Amino acid sequence: MRPLRVLNVAEKNDAAKELSRIMSRGQSFRREGFSKFNKIYEFEYSIFGQNAKMIMTSLSGHLMTLDFTASHQKWHSCAPVALFSAPVTKYVSENYLPIKRTLEREVRGCQILIIWTDCDREGENIGFEVIDVCQTICPNLRIYRAMFSEITPQSITRAAQNLVSPDLLQSQAVDVRMELDLRIGAAFTRFQTLRLQKVFPEVLSDNLISYGSCQFPTLGFVVERYKQVEQFVPETFFKIKVTHEMEDTKVDFTWKRGRLFHRLPCLVLYQICLENPTAKVLSTSSRPKSKWRPLPLDTVELEKLASRKLKINSKETMKIAEKLYNQGFISYPRTETNMFPKSLDLRPLVENQTVDPNWGAFASNVLEQGPNPRHGNKSDNAHPPIHPTKYTNSLQGNDKRLYEFIVQHFLACCSEDAKGQETSVEIEIAGEKFTATGLMIIARNYLDVYPYDRWNAKTIPVYNQGEEFQPSSIEVCTDATHADHIETIKNRCYVGVQQDGTFLPGQLGMGLVEGYDLMGFELSKPRLRAELEADLKRICEGTRNKHDVLVEQVAKYREQFVQAVQEAVKLDQALASYFGDPQEFIDEVLGSEDERGSEPIRLCPRCQTEQMILKKTKDGSYMVGCQGYPRCRASAFFPKFVIEASVDESLCGNCQPGDVHKVKFKFKRGSVPPMMPLEYTGCVGGCDESLRELLELKDLTRLPSESVGGSNSYVRGGKSSHSGARGYQQSSNRGRGRGRGTTSKARGRGNGRSATAQGVTRPAQRGGFSANQPTRDEGRGFVPSGQTWQQNNAGRDASFQPGSGFNQFPSTSSFGRDDENCVVCTCGQPATKLTVKKDGPNKVARFPKKDQTKGGRFTVVQNPEDRAAISLNGETLLQVVAVSRSSAVLRQKATVELPGEENADCVTKKVTLDDRAQ
DNA sequence: GCAAGGTC
């Protein structure tokens, strides 16, 4: 019988080497292939019950690449939209030809081919690329797939004894992904690059502005997070701190109210405490507390922890993890599973580690107790959680650190939770309650092997209930440290990674996301991609076929693309916030006037020399523009729901100078308010209020930079979402030099992915931003920048004058009602319930809302100005009301003046500003 | 000059 000859192909050289070493028990023979990166290993192995000559070689990932055929490869060879249907071809690129030649040479004379690529979707597809090549040479080849998720002797032996057929469905899912990625990526990239290079030549003429179905949602995510941070307006808050030193131990008590956002009420309460500073112990308690050991490790968790604890970024982490896997030290690092399957015997894995000088004893202890991992809730049904498969102490650098982390995490999760006892003391000073907690650690357990978690013991002395004592200090502290972090972020409005490791989007990135968001698509959101992923999964499960999914997804993205092209002006518009006035792309949009037709409406109100013309754009919508373009750029684009527009003979009686023709419109049904007829003839000169509103017409006499909201008059729009973009830009400059006169170009270029510094500041003279320009307020309305919200609230303050009393608060007279929640003041009267919603920048609460008043008190009370809440009328009135986010508390009678100054003290019961409080 | 996914 002819000796069995088997070709084995791994995904990369590392894996081939380790597989060969394990299968041959170190007895393999290595020789060169055509590719210098991919060696060939030969050894004897027993398979299918007989001795075989094994030939093991490898690839370097995908062997083949997908691209358009030559007819569509050149950027100007076709309209980008054609790329959704252009022919594509799969081929082996030049630098991979040596690998292909090795396969072709080595497969000759083989009866069997075994695919040893990674056991995931891509691995399956890569396997089929190998099969393609090999079957061409040997049509009768028997083809198998080895299934394994760790490169250990046991797994590999098991895989060799349980060979399966390659999974065509998984491979097909990857084919679909590839083709979509290519078509979408190429179409959008060509479109936006070609357009934006022309629209912003000064900034972008050299940029490749790439688009990808994965990169764009990722960018969207970064932008979204950035904006969340950007919109956060820090608020100063105040709290009372009590400390008590005894027996060499200093105990900090925290205020039960947490913090107040208004200074005065806090000072009042503080003053009351100072006057009678004896603390009385209300209660003491003690309860067991445990700190949970970590869950079994999945990929995302590995990346997160490595980043946080080891300061290794996720890309580097995965690179190292791959290497450790290929060297057989750890299991397959790409897994979504965080529970160990019952079938996996953890004992030998723990036993491997007992030899280590640092954690060996711990591992032995785990063995004695029996490994007892926590059970997560995720499983990909393919790979177990990441765990060490072999002991080593020969690694260096980050390889060593990551391996140690994986081992320690594994041992920790197989161990026991840490156990402790928590003691709490509650005290009262002049009616104010404070608590302190201490922690005694009873058993560190997993913490002994896991230095990445901390649990600090905190001793507090024994307090006896009812005991009274004088705290060594009571102080008011202002806490606004978080503001510093935010400020730092604001001051670094550049692209790239900050020192603290967080990402900041650049101008281009921001603009692109905002532009596509303006179109109302979800291109910057993960939904589309997630839907594709779901379909790919269905292909793998066999519930949908490859062809249907491909057709459907191509159609879906093509539709978005077509719309994007039609509304491309919105991209310009969004980017104009960062890069200055766009160069009009109008020529290419409109085509020649002869083709499209044009009719004069009136003399251009801006340049007063040329006529304003009604034109139809390429995408079928209408606009009016000055004939003097590009010398004069006065223009207005009509919304899409204008389905017909023509210059009417009738003239406007109001508008000047000269004849101003009315325009006859036909609107799309359902797109205009009910009172508006579908056919309407009116003046677009600005006198027709309803038309101006409907079409969002701008004052054409202004220069773009002067137009309302800073919007470019040549584009329509400038509604909320656009304003948002502008507002962002503004707010990011708040507090910094504005309009420094540097041009965007001078400040460097970048495509949003580079770390090139790109200021978000835009030249004032071009952007027309003055200090009075609006800035974003919670992403919706505008408030004047620089002054933030106080100025915005000016109107409200005005109505909040002495004499107006409390009656503008909706429910001021809930005395005695709402029994359960009624609070009686120390003066004997029930508390007042106030419900005014502060319409400031933090209306959406940023701080954790905590009910600080257990036992029930008030609903949330906010008032625009704490002074106003406390006092009105300038005479003796009311009780002092302490106001926090979640409670209003009545304390005592006081006389209050309406202060003119921020620092004025205004309580009759004199509240002096303690030095410590300033 | 396009993507994303393998990998060197």
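Remember, predicted model here, so these are calculated numbers, not experimental data.
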Between B:dG6 (P) and A:Phe128 (CZ): distance, integer Å: 17 Å
Spacing of A:Glu129 atom CD relative to B:dG5 atom P, expressed in whole Å: 15 Å
Sugar-phosphate only, base, or nothing, as touched by A:Leu83 at under 4.0 Å among non-hydrogen atoms: nothing
Stacking check A:Trp75 vs B:dG1 (5.5 Å / 30 deg): yes
Under-4.0 Å salt bridge between A:Lys323 and A:Asp399: yes
Sugar-phosphate only, base, or nothing, as touched by A:Ser213 at under 4.0 Å among non-hydrogen atoms: sugar-phosphate
Value in whole Å for how far the C1' atom of B:dC8 lies from CD of A:Glu11: 13 Å
Sugar-phosphate, base or nothing in reach of A:Arg183, heavy atoms under 4.0 Å: nothing
Close approaches to DNA chain B from residues 84-106 of chain A, in residue order (heavy atom, under 4.0 Å): A:Tyr96
CA sep, side-chain torsions, deciding dist, call: A:Lys36, A:Glu32, salt bridge (Lys or Arg N to Asp or Glu O under 4.0 Å): CA-CA 7 Å; A:Lys36 62 177 173 179; A:Glu32 294 296 313; over 6 Å; no
Side-chain N or O of A:Gln215 closer than 4.0 Å to phosphate OP1/OP2 of B:dA4: yes
Short side-chain N/O contact from A:Thr189 to OP1 or OP2 of B:dG1, under 4.0 Å: no
Phosphate OP1/OP2 of B:dA4: any A:Arg121 side-chain N/O under 4.0 Å: no
Lys/Arg N to Asp/Glu carboxylate O, A:Asp572 vs A:Lys198, below 4.0 Å: no
Side-chain donor-acceptor contact under 3.5 Å, A:Tyr516 with A:Glu567: no
Which nucleotide in B:dC2, B:dA4, B:dG6 has an atom nearest any side-chain atom of A:Asp181: B:dA4
Whole-Å distance separating the CZ atom of A:Phe216 from the C1' atom of B:dC2: 15 Å
Whole angstrom value for the distance that separates P of B:dG5 from CG of A:Asn125: 13 Å
A:Ser210 (side chain) and B:dC2 (base): donor-acceptor pair under 3.5 Å: no
Distance, rounded to the nearest Å, where A:Leu536 contributes CG and B:dA4 contributes P: 14 Å
A:Thr389/A:Glu150 under side chain to side chain donor-acceptor pair (under 3.5 Å): CA gap, chis, key distance, verdict: CA-CA 8 Å; A:Thr389 49; A:Glu150 50 191 42; 5.9 Å; no
Nearest to side-chain heavy atoms of A:Arg334, which nucleotide of B:dC8, B:dA3, B:dT7: B:dT7
Touch class at under 4.0 angstrom, heavy-atom based, for A:Gln197 against every strand present: base
Member of A:Phe84, A:Tyr211, A:Phe521 meeting the ring-ring contact (aromatic ring centres under 6.0 Å, His included) criterion with A:Phe561: A:Phe84
Position toward the 5' end of DNA chain B (nearest nucleotide), A:Gln73 or A:Ser60: A:Gln73
Side-chain H-bond candidate by donor/acceptor type, A:Thr317 with A:Ser314, under 3.5 Å: no
Residue met sooner reading DNA chain B from 5', once A:Asn326 and A:Asp67 are mapped to nucleotides: A:Asp67
Rounded distance (Å) that lies between atom P of B:dC2 and atom CG of A:Leu66: 16 Å
Listed nucleotide nearest any side-chain atom of A:His62, set B:dA3, B:dG6, B:dT7: B:dG6
Residues A:Lys100 and A:Glu94 bridged, charged N to O under 4.0 Å: no
Nearest-angstrom distance from the residue atom CG of A:Asp14 to P of B:dC8: 6 Å
Sugar-phosphate only, base, or nothing, as touched by A:Phe188 at under 4.0 Å among non-hydrogen atoms: nothing
